[in-house]
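Scroll down for the structure; my scribbles are underneath it.
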2 protein chains.
Amino acid sequence: MEREMVDLCEVICIHEESVNEVRREMITEDTSRSLAEIFKTLGDPTRVKLLFALMKKELCVCDLAAVIGASESAVSHQLRILRTQQLVKFRREGKMLYYSLADKHVERLFEQGLEHVTE
Amino acid sequence: MEREMVDLCEVICIHEESVNEVRREMITEDTSRSLAEIFKTLGDPTRVKLLFALMKKELCVCDLAAVIGASESAVSHQLRILRTQQLVKFRREGKMLYYSLADKHVERLFEQGLEHVTE
DNA sequence: TGGACATATGAACAATCACTCATATGTTAA
DNA sequence: TTAACATATGAGTGATTGTTCATATGTCCA
C-alpha cells in the first residue's frame with residue numbers, strides 16, 4: 001500500500017530518492033504520537049502557568065489556584081493531566097496535596113521554548 | 001479584586017507567603033500564552049512528523065505528504081500553521097516550494113521532549 | 001461517628017482543531 | 001493566451017478540549 005502510493009505520486013512530483021532517504025530515518029508513529037502528546041500537554045496557558053509556578057516552589061492546589069487566578073476545580077483538572085503525563089508529582093500532608101515538578105525536563109523545555117518566543 | 005481573592009482564600013487554606021513569593025516571580029499572561037502557543041503547535045503528530053522530516057532534509061509539499069503519509073492539502077494546512085509560528089521557512093523553485101526548518105530550536109525541543117518520553 | 005475541609009471527578013457545553021473536498025492562486029511551458 | 005501542475009485557502013464537519021457546576025472521596029478533628 002505504501003509502495004503504491006510512492007509510485008502513484010512519483011509520476012507527478014515526488015523526488016523519490018529524497019523521500020526514501022527521509023523515510024528510512026523517519027520517526028515512528030508511536031514516537032511522534034508520544035512527542036506530540038507531551039507538547040500538547042505543555043500547550044495550554046493554564047498548564048504553563050501551573051508548571052511555571054511549580055518551578056519556583058512546591059504548592060498545594062489552593063495556592064496554585066490563587067497564584068494563577070483560576071478556580072480550584074480547573075486547577076485540579078489540569079493537574080490530573082500533568083500527573084498523567086508524569087510532569088508533576090505530589091505528596092499528601094494532612095488534607096492537602098503538595099504538588100511539585102516530577103523532573104527537570106520541563107524547565108529545559110520552557111527555556112528552549114522561551115528562546116524561540118523571544119527571538 | 002486580586003487582593004480580595006487572596007484575602008478570601010487565605011482564611012481557608014492559602015499559604016500567603018508562598019503565594020506572594022511565587023506570584024512576584026510569575027510569568028506574565030502574554031509570555032505564558034506565547035509559550036503555550038508554541039507548544040500547542042508542536043502538539044500534533046502530523047506537525048511533529050513534518051518537522052522531523054524537515055530536520056533531515058529540505059522537502060517540497062508533495063514529498064512531505066508522501067513521507068508522512070498524509071494528503072497534500074492536510075500537509076499544506078499544517079505547514080501554514082508552522083509558518084505562522086516561524087518554525088519553518090520556504091523558498092520557491094519553479095512551481096514548487098521547498099520547506100525547511102527556520103532555526104535550530106525545534107531540534108532542541110524535540111531532543112528534550114524525547115528525553116522525557118523515553119525516560 | 002459526624003461535620004468541615006481540601007481535593008478529585010463526572011457531566012455538560014462552548015470553543016477550537018485537523019481533516020476533507022472544492023476552489024483559488026501562481027508558475028511553467030506550449 | 002491557455003493548459004497543466006504545485007500549492008494555498010475556504011467552508012464544512014466530527015472529534016477533542018478547557019471550563020463550570022454539582023457531587024464524590026478522603027482526611028482531620030470534635
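To find a chain, count down the sequence lines: A is the first, B the second, and so on, and within it residues start at 1.
dC5(C) atom C1' lies 15 Å from atom CD1 of Ile14(B), rounded to whole Å. Across the protein-nucleic acid pair, Phe90(B) atom CZ and dT25(C) atom C1' stand 13 Å apart, rounded to whole Å. Atom CZ of Arg80(A) is separated from atom P of dA11(C) by 12 Å (rounded to the nearest Å). dT7(D) atom P lies 12 Å from atom CZ of Arg91(B), rounded to whole Å. Protein atom CG of Leu79(B) is 10 Å distant from nucleotide atom C1' of dA8(D), rounded to whole Å. Note: CE (Met96(A)) to P (dA6(C)) measures 8 Å, nearest angstrom. Atom-to-atom, CG of Leu97(B) to C1' of dT27(C) comes out at 10 Å; the value is rounded to the nearest Å.
For Lys89(B), there are no salt bridge (charged side-chain N to carboxylate O under 4.0 Å, His left out) partners two or more places apart in sequence or in a different chain. In this structure Ala102(A) satisfies the side chain to side chain contact (heavy atoms under 4.5 Å, CB included) test with no other residue, sequence neighbours excluded.
Residues Phe52(B) and Glu25(A) come closest through the heavy atom pair CE2-O, 3.3 Å. For Val48(A) against Leu42(A), the heavy-atom pair with the smallest separation is CG2-O, 3.2 Å. Here the closest heavy-atom approach between residue Leu54(A) and residue Leu59(A) is recorded as CD2-N, 3.9 Å. Scanning all heavy atoms of the two residues, the minimum distance from Gly113(B) to Leu35(A) falls at C-CD1, 3.5 Å.
Applying a 4.0 Å cut-off to non-hydrogen atoms, none of the residues of residues 48-59 of chain A approaches DNA chain D.
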(request) Begin with the C-alpha distance, continue with both residues' side-chain angles, and end with the deciding distance and a verdict on side-chain contact (heavy atoms from CB on, under 4.5 Å) for Lys56(A) and Glu21(B). (result) CA-CA 9 Å; Lys56(A) 304 299 177 189; Glu21(B) 183 189 331; over 6 Å; no
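Under the 3.5 Å distance criterion, the side-chain polar atoms of His15(B) are left unmatched by any main-chain donor or acceptor of Cys60(A). Formation of a donor-acceptor pair under 3.5 Å by the Arg91(B) side chain with backbone atoms of Ser100(B) is not found in this model. Between the side chain of His116(B) and the backbone N or O of Gln85(A), at least one donor-acceptor pair lies under 3.5 Å.
Contact between the side-chain N/O atoms of Tyr99(A) and the OP1/OP2 oxygens of dA6(C) is not found at any separation under 4.0 Å.
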(request) Summarise protein proximity over nucleotides 14-24 of chain C in one line of letters, 5' to 3': B for base, S for sugar-phosphate only, - for none, counting protein heavy atoms closer than 4.0 Å. (result) ---SSSBBB--
(message) Base contacts versus sugar-phosphate-only contacts with protein, heavy atoms under 4.0 Å: please encode nucleotides 25-30 of chain D as B, S and - from 5' to 3'.
(response) --BS--
With a 3.5 Å cut-off and sequence neighbours excluded, list the donor-acceptor pairs that the side chains of residues 77-84 of chain A form with protein atoms.
residue, atom, partner, partner atom, Å
Gln78(A), OE1, Arg47(A), NH1, 2.6
Arg83(A), NE, Tyr99(A), OH, 3.4
Thr84(A), OG1, Arg80(A), O, 2.8

